[in-house]
Amino acid sequence: MFATLGRWCARRPKRVVAAWLLLLVGLAAAVGVLGSATTETVSIPGSDSQAAHDAARAFADSASGRQPLVLHTPPDGPPLTSDRARGAVQETARALAARDHVLAVTTPYEPAGSAALAPDGHTAYLAVELDLAGRDITAEVVHDLMDAAEPAEAAGIEVTPGGNLAEAADKKSTRRSEVIGLAAAFAVLYLGFRKPIAAAVPLATAVVGLGISLEVIGLTGHLTDMPSSGATIAAMIGLGVGIDYSLFCLTRFRELLATGRQIEDAAALTIGASGKAVAFAGTAVIAALASLALGGLPLLRALALAPGIAVLVAMAATLTLLPALLSLLGRRLAPAPAPAPDAADRPQTSPPPARGWARIARHVADRPWRYLLAGLAFFALPALAAAQLSFGQLDGGDKSPGTAGRTAYDRLASAFGPGVNGPLQVTGTLPKPASGPADPAVTAVGGALKDTGGVAAVGPAQLSPDGRTVRWQVTPTTAPGDPRTAALVHRLRDSTLPPVTKDTGGQAHVGGIPATQLDLNERLAQRLPAVIGVVLAIAGLLLLLAFRSPLVAAKAAVLNLLSVAAAYGVLTALFQWGWGAAPLGLGGPVPIPGYVPLLMFAVLFGLSMDYEVFLLSAVREAWLAGGDNRGAVITGLARTGRIITSAALIMVCVFLGYLLWDDPVVKMFGIGLATAVALDATVVRGLLVPTTMVLLGKANWWLPPWLDRLLPQMHIEGGEEEVVRTSSVPEPVRNT
């Protein structure tokens, strides 16, 4: 099937290339018309914070709520209460109200906005209500609002967007990171192939696939909540696997050309053998990502969907676009002929010396216990650090200095207290309509909230039009990401609210960003064992189907855990402990959100499966040919060591290019994925896999007879003879 697909594309190269380019342009036009939608909204079905959010729908709030524009004057300058500053702010408010999408603007000089003016008089904020949801607030909308703030800036007032406005203002293109990754990948490919055109083929395939992936993800944001980090993670993974998959296939194509194969036959054989392994590896990545649906969270599904789309498109481009490019370029991709050996240099009876990975493979195979123990000891320290990993909550104070979000956060926290950046929303439902804010059922809850330790302020009670729902804004004394804020949420839910709502028969729920993040982390901690178990089961089952060996499947799953543990350990040290804060452009230790380790686990297991499949395919092919386990391990590692390390180096360069981003979450993924891939391709694939296989001997290929009868024959390794027999039949001649 794969060989037939490769031959079909190789015979119609211009049509296939045109179809891919047409798809790229068509999707780009659709994004140009509809836009690329993202949102940072988090919904957690069944949680207390979600119940608070649902109850708050009784209020006629704007689509995006109140978004702040922070106003600030220097301490040695005139305060915002001066006549000049007041006039400039009010003129700015009128200009904002006249802009598109603005429903209302509340100034700090109005009774409804009096709490928005700091006691020192040098910091305040305008509350802007828009008719746009969070996903529809773009950088263009923010620029338009900032243009309207010109009167305030002309009066010496610094205006900084906050909230969702800051998220849109700080959002940057991934283009710079992708260019860096592509440049590094080209350098690695050129060193390996020694031909610029050969080095450019994997990049061209990956770039086309990446462009289509990002366009599809942007359009998907109109159908489901898609966080902005989802597209970034998808770009990171899609670009890496796109280059790697094309690299594996192009290497096989060049080998076939060197043996004298015709171009069309070589393209068909490439897709029939290496392409089949690519399809299996890509399916393993997608299956691992799909297991995140067990988390029961729309955010987790979206973060898994985005890279899943990127991997699927990269796999499709490798199986169709790549053979078309191979057919068009043909012999220009062939390696330079090797110089003829000088017979006088070496006696004809002496074998050629082992070089490169062949030499390493023999050396490791001769000392299996030594390298096995050394490899396991290498992971001891990262594993100890990973054991200290804990889930935390990010807030604006964790953003990179100089960004709009960080500036707005710091100014509001300094002027109003840290809790103002993450207020809690307590929403209560009453069995019968309240008579007003002075109703005893309302005042009892408000008084209990004020008397709770850790509460800095409680806003006035707001009643819904029907009087059945009441809402309070509770400002903590601590920052949104502070563990004491999470403790306050638990205290309100467990101790403060139940006694005062018991007598009235009503219910009260605690929502807001800190409560939502707390519920998210607790839900993820509950589902983490199930997700890990399913990913392990999927990985083991796929390897069992591919290589028909229970020991090989189990060993691979266990060894993959070492790479994941190392990545977790590095994250703990650099972010949670703050050891790498300064080099990474962070102000100090940064908490790690719960979805980062969970998503990273699925991605890393999928990527590890790529290298495992390519290595074990070569080992099994050599085993089936000769029946010598030790010789098969040496042959397999010698054949794939260079290409696996080259592919891993490319992927590491791509991942590290995203460290230029200001978002700490993107930095976490870049560091974690780069660490795991580097260790997986060197220590795990280069030491632990061959040593364990040498020590296990023929037991590697043991399969119970009853299981042998149940398992289908997949033959991921696929020999060339079988491919030729099934794919070299010419197409029938059609009468015209």
Side-chain angles (χ1 to χ4, degrees), residues 17 20-21 23-25 27-28 31-32 36 38 138-139 168-218 228-248 250 306-307 309-311 313-314 317-318 321-322 325 400 402-403 583-585 603 607 645-675 677-678:
V17 172
W20 276 95
L21 294 179
L23 179 61
L24 179 66
V25 173
L27 289 173
V31 171
S36 180
T38 60
T138 62
D170 291 333
K171 186 177 180 181
K172 298 179 181 178
S173 171
T174 62
R175 191 168 302 161
R176 184 171 59 165
S177 298
E178 289 152 9
V179 168
I180 293 175
L182 288 172
F186 180 82
V188 174
L189 291 170
Y190 179 74
L191 289 175
F193 293 138
R194 300 294 181 180
K195 281 191 174 185
I197 191 170
V201 168
L203 302 185
T205 307
V207 167
V208 172
L210 176 63
I212 292 175
S213 300
L214 294 179
E215 291 162 357
V216 172
I217 292 168
S228 58
S229 57
T232 306
I233 296 169
M236 188 186 306
I237 296 171
L239 186 59
V241 300
I243 297 174
D244 278 8
Y245 290 168
S246 299
L247 169 61
F248 289 130
L250 178 58
I309 291 173
V311 173
V313 174
T318 303
L321 177 60
L322 180 62
L325 294 177
S400 298
T403 59
L584 291 173
V603 171
L607 296 180
T645 51
S646 298
L649 180 59
I650 291 172
M651 199 169 284
V652 168
C653 293
V654 170
F655 292 156
L656 292 181
Y658 285 85
L659 294 181
L660 299 175
W661 268 62
D662 295 324
D663 190 346
V665 171
V666 176
K667 295 178 185 290
M668 291 177 193
F669 275 103
I671 286 286
L673 294 176
T675 300
V677 168

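The two residues M236 and F655 come nearest to each other via the heavy atoms CG-CD2, 3.1 Å. Across all non-hydrogen atoms, the minimal contact from I243 to P202 is O-CB, 4.0 Å. The shortest non-hydrogen separation linking E215 to L24 is OE1-O, 3.2 Å. Nearest approach of T205 to L325, heavy atoms of both residues: OG1-CD1, 3.6 Å. Annotation for F193 and L250: closest pair CE1-CD2, 3.5 Å, computed over non-hydrogen atoms. Closest approach of A314 and G242 over heavy atoms only: CB-CA, 3.9 Å.
At least one side-chain heavy atom of I671 sits under 4.5 Å from a side-chain heavy atom of L659.
Separating the CD1 atom in I650 from the OG atom in S246 is a distance of 10.0 Å, to the nearest 0.5 Å. Going from atom CG of L191 over to atom CG of L649 covers 9.0 Å, rounded to the nearest 0.5 Å. We find the CG-CG distance between L673 and L656 to be 10.0 Å, quoted to the nearest 0.5 Å. Put simply, CG on D244 and CG on L239 are 9.5 Å apart, with the number rounded to the nearest 0.5 Å. Between the CG atom in L247 and the CE atom in M651 there is a gap of 10.0 Å [rounded to 0.5 Å]. Summarising the geometry, atom OG1 belonging to T232 is positioned 11.0 Å from atom CD1 belonging to I237; distances are rounded to the nearest 0.5 Å.
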Before giving the answer on side-chain contact (heavy atoms from CB on, under 4.5 Å), spell out for L23 and L27 the whole-Å C-alpha distance, their side-chain angles and the decisive distance to 0.1 Å. CA-CA 6 Å; L23 179 61; L27 289 173; 4.0 Å; yes
Under the side-chain contact (heavy atoms from CB on, under 4.5 Å) criterion, do L321 and V208 qualify, and how do the steps go? CA-CA 9 Å; L321 177 60; V208 172; 4.0 Å; yes
Assess the residue pair Y658 and I233 against the criterion (side-chain contact (heavy atoms from CB on, under 4.5 Å)); give the C-alpha distance rounded to whole Å, side-chain angles, the decisive distance to 0.1 Å, and a yes or no. CA-CA 9 Å; Y658 285 85; I233 296 169; over 6 Å; no
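Checking each of V216, I212, L214 against I309 for a side chain to side chain contact (heavy atoms under 4.5 Å, CB included) leaves exactly one that passes, namely V216.
A donor-acceptor distance shorter than 3.5 angstrom exists from the side chain of K667 to the backbone of L584, with no hydrogens or angles considered.
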